[in-house]
Amino acid sequence: MSNAVMKPEAQTAATAPDEVLLELRDLHVSYGKTAALHGVSLSVRAGEVVALIGANGAGKSTTLRTISGLLKPTRGEIVYQGRSIAGLAADRVVAQGIAQSPEERHVWPTMTVYENLSMGAYLCKSSTEVDRRVGMVYHRFPRLKERHRQLAGTLSGGEQQMLAIGRALMSEPRLLLLDEPSLGLSPRMAEEVFEFVREINEHGVTVVLVEQNVHNALSVASRVYVYETGRVVAARDAAGLADDPELLSAYLGA
Ligand code: ATP
């Protein structure tokens, strides 16, 4: 999809080993007077799937919304590809190569699958180019192609999630932010969605994922950051977290 998804070999050649793609430094974010993030620092290397996990209200979605330019930090820095993007408007962030698939999917129910996808390429002025990208999404997600003219509101929950991810891919991101992609899905549908996420990642797109369900997160992520009340309290390799029953029960109730 992205340049990366369409031309994996080119992406691999362009990606320096261990390149830090995204870094958050001491990020503070508030909703009005209520502080939601109290100094979050984390980093994401090119090619990784990183999961943000932790209890409800811990600040995971706020982190994604701030990276994607929907919220402005009151303090701290967001460095993407070596450049500061903190405070950039959301459309400028998309233009830099970051796309977000929001929580609860938010597909447009009375628009067709095709129309929803087209909206994801709103920065693209050429209809031929939009159709080329739609074709790439259909190639990756044949089930969406079969439902080309179907209204999005009539898709199953899992199909809507795939559509939301496909729409995010229409901007050809290098970094994909996914907020709770398994929310409301049956375990089988969730597994299918995570399979998509793995496939997208294998084709070169770096992924940061918010996930309530620790087991889901560990099934797809290589590293995890554990949040508690607006702070990162632990960073682990996925394998390391699976072997840390104290951390799992202390912060995650798993
Ligand atoms: P969840 O999985 O429940 O969404 P989360 O870890 O993603 O949890 P956030 O949604 O980032 O948590 O919320 C962090 C804090 O910010 C919480 O205390 C929440 O109540 C608050 N918050 C989130 N959105 C808003 C908003 N629009 N206005 C005011 N406060 C908000």
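Read the numbers this way: they start at 1 and go in the same order the structure lists the ligands and their atoms. This is a predicted model, so every value here is computed, not measured. Below, each value reflects all heavy atoms present in this structure, side chains not excepted, and no hydrogens, waters or symmetry copies.
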Which atoms of ligand 1 have any heavy atom of Ala55 under 4.0 Å away?
6 (O)
Ligand-residue contact atoms, ligand 1 with Glu180, heavy atoms, under 4.0 Å
2 (O)
Arg174 versus Gln81, side-chain donor and acceptor atoms under 3.5 Å:
yes
State whether a side-chain donor-acceptor pair under 3.5 Å links Ser182 with Glu211.
yes
So if I count the atoms of ligand 1 from 1 in the order they appear, which ones are less than 4.0 Å from some heavy atom of Thr62?
9 (P), 11 (O), 13 (O), 14 (C)
Beyond-backbone contact of Arg236 with Val226, side-chain heavy atoms, under 4.5 angstrom:
no
Which label fits His148 and Tyr138: parallel for a plane angle under 30°, tilted from 30 to 60°, or perpendicular past 60°?
perpendicular
Atoms in ligand 1 with a heavy atom of Ala36 nearer than 4.0 Å:
15 (C), 16 (O)
Can a side-chain donor-acceptor contact be found between Tyr225 and Arg223 if the only test is distance below 3.5 angstrom?
yes
Would you check the N or O atoms of Val210, main chain and side chain alike, for any that come under 3.5 Å of an N or O of ligand 1?
no
With a cut-off of 4.0 Å, which atoms of ligand 1 are near a heavy atom of Ser61?
4 (O), 5 (P), 7 (O), 10 (O), 11 (O)
4.0 Å heavy-atom contact, Gly59 with ligand 1
yes
Can you list the ligand 1 atoms lying under 4.0 Å from a non-hydrogen atom of Arg65?
10 (O), 24 (N)
Report yes if some heavy atom in the side chain of Leu22 is under 4.5 Å from a heavy atom in the side chain of Ser43; otherwise report no.
no
Suppose I only count heavy atoms of Asn56 and a 4.0 Å limit; which atoms of ligand 1 are within that range?
1 (P), 2 (O), 3 (O), 8 (O)
Side chains of Leu177 and Leu175, heavy atoms from C-beta outward: is any pair under 4.5 Å?
yes
